[in-house]
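Here the structure comes first, spelled out in structure tokens, and everything after it is commentary.
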Amino acid sequence: MTQYDYDLFTIGAGSGGVRASRVSASFGARVAVAEERYLGGTCVNVGCIPKKLLVYASHYGEDFADLPGYGWTVGARHFDWAKLIENKNKEILRLNGIYRKVLADAGVTLIEGHAEVVDPHTVAIDGKHITTKYILVAVGSWPSVPKFPGSEFAITSNEAFYLPSLPERVIVAGGGYIGVEFAGIFHGLGVHTTQLYRGELFLRGFDDDIRKTLADEMRKRGVDLRFQTCVSKIEKTGGLLKATLTDGSVLEAEQILFATGRGSKTPDLGLERAGVKLKKNGAVVVDEYSKSTVDSIYAVGDCTDRMMLTPVAIAEGMALANTLFNNKPTMPSYLNVPTAVFSTPNCGTVGLTEAAARARGHIVDIYRTSFKPLRHTLTGRDERTMMKLVVDQASDKVLGCHMVGADAAEITQGLAIALNCGATKAQFDMTIGIHPSAAEEFVTMRTKVAS
Ligand SMILES: Cc1cc2nc3c(=O)[nH]c(=O)nc-3n(C[C@H](O)[C@H](O)[C@H](O)COP(=O)(O)OP(=O)(O)OC[C@H]3O[C@@H](n4cnc5c(N)ncnc54)[C@H](O)[C@@H]3O)c2cc1C
């Protein structure tokens, strides 16, 4: 006789929850997943996918401006924000449908509604109690806006994806990757864009050469970047917002977007009542196998605040399914996780930054190049591509690869494989480049710029 209604009850049908649920079902587990808002979670609805579509849209502005150098003349141009949002929404609906089908095909029961944990083996959804051998918390994260006078007038990335009209001026507060990406999107679409960051230089945690190069490139394009300041007050008059900054200056804009951080979506979930320990910021405390402090409750993805990235949430979900239902206890690997910032231009990074490598005690050789991309020899655009390798002197292993420039995300993915294989600088050097490409620079850098 089966003791529980399900073997696994997943709360949240986002990147991590869907992967864990459907793979567990493929191993024979009886699985249900609860979703209160949208299938596919943040990534599909208000994250990676719609963001990248808006990035594509924003790049056309530059592409049009670059055409004359290649002999093209185009007529009058008009950008229709409402059309872009309508088309983006249609694509999201299509993806929601794919997620629904994927779960159904895998035999996972989808329950739409808000789920809460009642005890280590019971969840409640719309007042109904369901028992389960394991509970998986995959509730993701949510943008947080600090409280200050007028903070209620600020929007977050969630609303930015559904703005009824394109503002003339926007202020983006926050220097993480989401802020940088939205600054690029708005600027590319012709919006007067100011980006604020309270620290000395945005993209904290990225290699300093990425941070500096991107700041230069964004300024050259006309983004008003202001560091060591942030919004302290917002006043609204009519449709206009007046922002007073901590440095005393005052700016006006139609929209003020706060991208100043995300917190785990764990409040009101009943986790602590069930004995699950949470960190101060609400993240679920988990071990290497994603197990919480309660034996039957696991957590993956953003709500654990390990690495807030879709492929990481998916890898954690996959590892969990193997651990619980495939007799293969699996720890997700966080080694050399590559990541990109879809800024204008893009950044790509994998492995250690120069500062992190030195802090870990490595004696490093630094190789760096900065060049005008071939494409812009005819467009006349003043853009530089930066590429950098951090190499361990003792072993010759490449510890980190960093890039700012077109296609950085595409180029970095392959480099991540090389780093995971433990590639040395000598092996990079013996690899033949693809000519003419920007990527070939990664295998042709010969001059050390620092040790
Ligand atoms: C603007 C933006 C851009 C991003 N861009 C990138 C990118 O380019 N690349 C990248 O790798 N990552 C990106 N991310 C991060 C990525 O979206 C997340 O890391 C990823 O979605 C996390 O997956 P998850 O499964 O943890 O949570 P989510 O995908 O957020 O899924 C959680 C789900 O749980 C549901 N839920 C929550 N509470 C309950 C409840 N009580 N009951 C029922 N359902 C519940 C939610 O509605 C949601 O659908 C971006 C994020 C943002 C915000």
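Being a predicted model, the structure only gives us computed values, none of them experimental. Heavy atoms only: backbone and side chains are in, while hydrogens, waters and symmetry mates are out. Counting convention: from 1, in listed order, for ligands and their atoms alike.
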Find all atoms of ligand 1 within a distance of less than 4.0 Å from any non-hydrogen atom belonging to [X], and give their numbers and elements.
X    : answer
A313 : 23 (O)
L269 : 41 (N)
F342 : 8 (O)
P311 : 11 (O)
A34  : 43 (C), 44 (N)
R262 : 53 (C)
G301 : 26 (O)
G41  : 29 (O), 31 (O), 48 (C), 49 (O)

Identity and distance of the protein heavy atom lying nearest [atom]:
atom                    : result
atom 1 (C) of ligand 1  : V46 O, 3.6 Å
atom 5 (N) of ligand 1  : K51 NZ, 2.9 Å
atom 20 (C) of ligand 1 : T310 OG1, 3.5 Å
atom 42 (N) of ligand 1 : A115 N, 3.0 Å
atom 19 (O) of ligand 1 : D302 OD1, 2.7 Å
atom 31 (O) of ligand 1 : G14 CA, 3.2 Å
atom 9 (N) of ligand 1  : C48 SG, 3.7 Å
atom 21 (O) of ligand 1 : C43 N, 3.4 Å

I want to confirm something. Looking only at heavy atoms, which of [options] is nearest to [atom]?
atom                    : options                : answer
atom 38 (N) of ligand 1 : T156, T339, V139, I111 : V139
atom 49 (O) of ligand 1 : E35, M307, R37         : E35
atom 15 (C) of ligand 1 : F182, Y177, Y38        : Y177

Is the closest basic N to carboxylate O distance between [X] and [Y] below 4.0 Å?
X    : Y    : answer
K388 : E354 : yes
D295 : K291 : yes
K133 : D7   : no
D224 : R226 : yes

Task: Pairwise salt bridge (Lys or Arg N to Asp or Glu O under 4.0 Å) hits with a residue in residues 33-58, at least two apart - done: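 Applying salt bridge (Lys or Arg N to Asp or Glu O under 4.0 Å) to every pair that reaches into residues 33-58, excluding sequence neighbours, yields E36-K265, K51-E181.
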
Task: Geometric N/O contact S157 with ligand 1, under 3.5 angstrom - done: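 There is no such contact.
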
Open item on the list: L309 versus ligand 1: do any nitrogen or oxygen atoms come within less than 3.5 Å of each other?
Closed with: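 So ligand 1 has an N or O lying under 3.5 Å from an N or O of L309.
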
- [ ] Please identify each residue that fulfils side-chain hydrogen bond (donor to acceptor under 3.5 Å, both in side chains) with T122, with sequence neighbours left out.
- [x]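 With neighbours one apart ignored, the set is D119.
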
Ring centres of [X] and [Y] under 6.0 Å apart?
X    : Y    : result
F342 : Y56  : no
F161 : F182 : yes
F227 : F202 : yes

TODO: Return the orientation label for the W81 and F79 ring planes: parallel under 30°, perpendicular over 60°, tilted otherwise.
DONE: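 Ring orientation of W81 relative to F79: perpendicular.
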
Task: Min side-chain heavy-atom separation V172-T194 under 4.5 Å - done: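 V172 vs T194: side chains apart.
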
Task: Student check: side-chain heavy atoms of L415 and F442 closer than 4.5 Å - done: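 The answer is yes; the side chains approach within 4.5 Å.
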
- [ ] Report yes or no: does G113 have a heavy atom closer than 4.0 Å to ligand 1?
- [x]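 Within the 4.0 Å threshold, so yes.
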
Task: Cation-aromatic face contact K88/Y162, 6.0 Å, 45 degrees - done: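 Yes - K88 lies over the ring of Y162, closer than 6.0 Å to its centre and within 45° of its axis.
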
